[in-house]
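Just so you know, ligand 1 is whichever comes first in the structure, and atom 1 is the first atom listed for that ligand.
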Amino acid sequence: MKTSTPPRLLLTAGPTREHIDPVRFLSNGSSGRMGYALAGEAAARGCAVELVSGPVSLPAPEGVSVRRVVSAADMLAACEPLFGACDVFIAVAAVADYRPRVFASEKMKKNGGALTLELEPTADILKTLAARKHPGQTVVGFAAETRDVEAYARRKLETKNLDWIVANDVSRPGIIGMDSADNTVLLLSRAGARLAFGPAPKQAVAGFILDAVLPGLVRQ
Ligand code: CTP
């Protein structure tokens with residue numbers, strides 16, 4: 001049975017880029033595949049899906065509206081007007097935690113010596129939006145960790161005011177996690193659920209996550 005109005009999902013995916021000058025930036029190796037897999041699977045299940053994506057080389061999943069952004073600030077600005085109307089927000093993006101304090105509008109020239117970059121924190125998109133959560137909304141975060149995965153994930157579940165967190169071991173890049181086809185996840189909920197899954201292709205992991213966070217929505 002399908003619900004009469006399809007759930008509205010908002011997702012973030014991919015990395016962000018924090019520019020130093022017009023040709024250089026700080027970023028990370030997120031491929032965007034986990035977020036795109038979740039968005040595509042949710043659309044295939046009949047959800048209305050908005051995806052706010054950092055720079056990745058993936059096409060828009062079928063039936064998904066994609067807004068492409070570059071920096072953490074852009075990503076927050078794109079999500080803010082959409083958050084209030086969504087039923088479920090899933091933050092999959094690997095958002096850069098810091099950005100250069102100063103952006104050089106011209107390409108920086110090397111001067112032979114060392115270079116010190118001063119960095120300032122970016123906005124925490126998930127924490128900012130979760131603080132505005134209204135009753136009935138479900139907010140899901142990801143926790144990319146290289147050690148003490150469950151303990152750090154639980155801390156993020158609490159400090160970011162989340163309903164679910166998907167803990168992700170990224171200690172073996174290219175094998176599981178950020179820039180690989182497969183993933184192994186541990187889902188923890190505010191209500192006390194603890195569900196492990198994988199290793200499995202990201203499409204299967206996406207299905208598992210949606211089964212947990214969207215109970216009652218049956219596959220079409
Ligand atoms: N996140 C976000 N905005 C940020 C940083 C993180 O929305 N500026 C979200 C991510 O999309 C993810 C969750 O917060 O859903 C946790 O991200 P993660 O990188 O694991 O943790 P951080 O909060 O950045 O903390 P730390 O780097 O200290 O582990």
**Asked** Counting only N and O atoms by type, is there a donor-acceptor contact under 3.5 Å from the side chain of R8 to the main-chain atoms of A85?
**Response** yes

**Complete:** Contacts of R24 meeting side chain to side chain donor-acceptor pair (under 3.5 Å) (sequence neighbours excluded), chain-then-number -> D21

**Item:** Side-chain H-bond candidate by donor/acceptor type, N161 with R190, under 3.5 Å
**Value:** yes

**Item:** Qualifying ring-ring contact (aromatic ring centres under 6.0 Å, His included) pairs with a residue from residues 60-99, counting only residues at least two apart or across chains
**Value:** F83-F89

**Message:** Using the rule side chain to side chain contact (heavy atoms under 4.5 Å, CB included), only one of V139, L82, L76 pairs with L129; which is it?
**Reply:** L76

**Asked** Can you list every ring-ring contact (aromatic ring centres under 6.0 Å, His included) pair that touches residues 21-75, not counting sequence neighbours?
**Response** H19-F25

**Close residues, ligand 1: non-hydrogen atom nearer than 4.0 Å** = A91, A93, V95, D97, T122, A123, D124, I125, L126, G141, F142, A143, A144, K156, K160

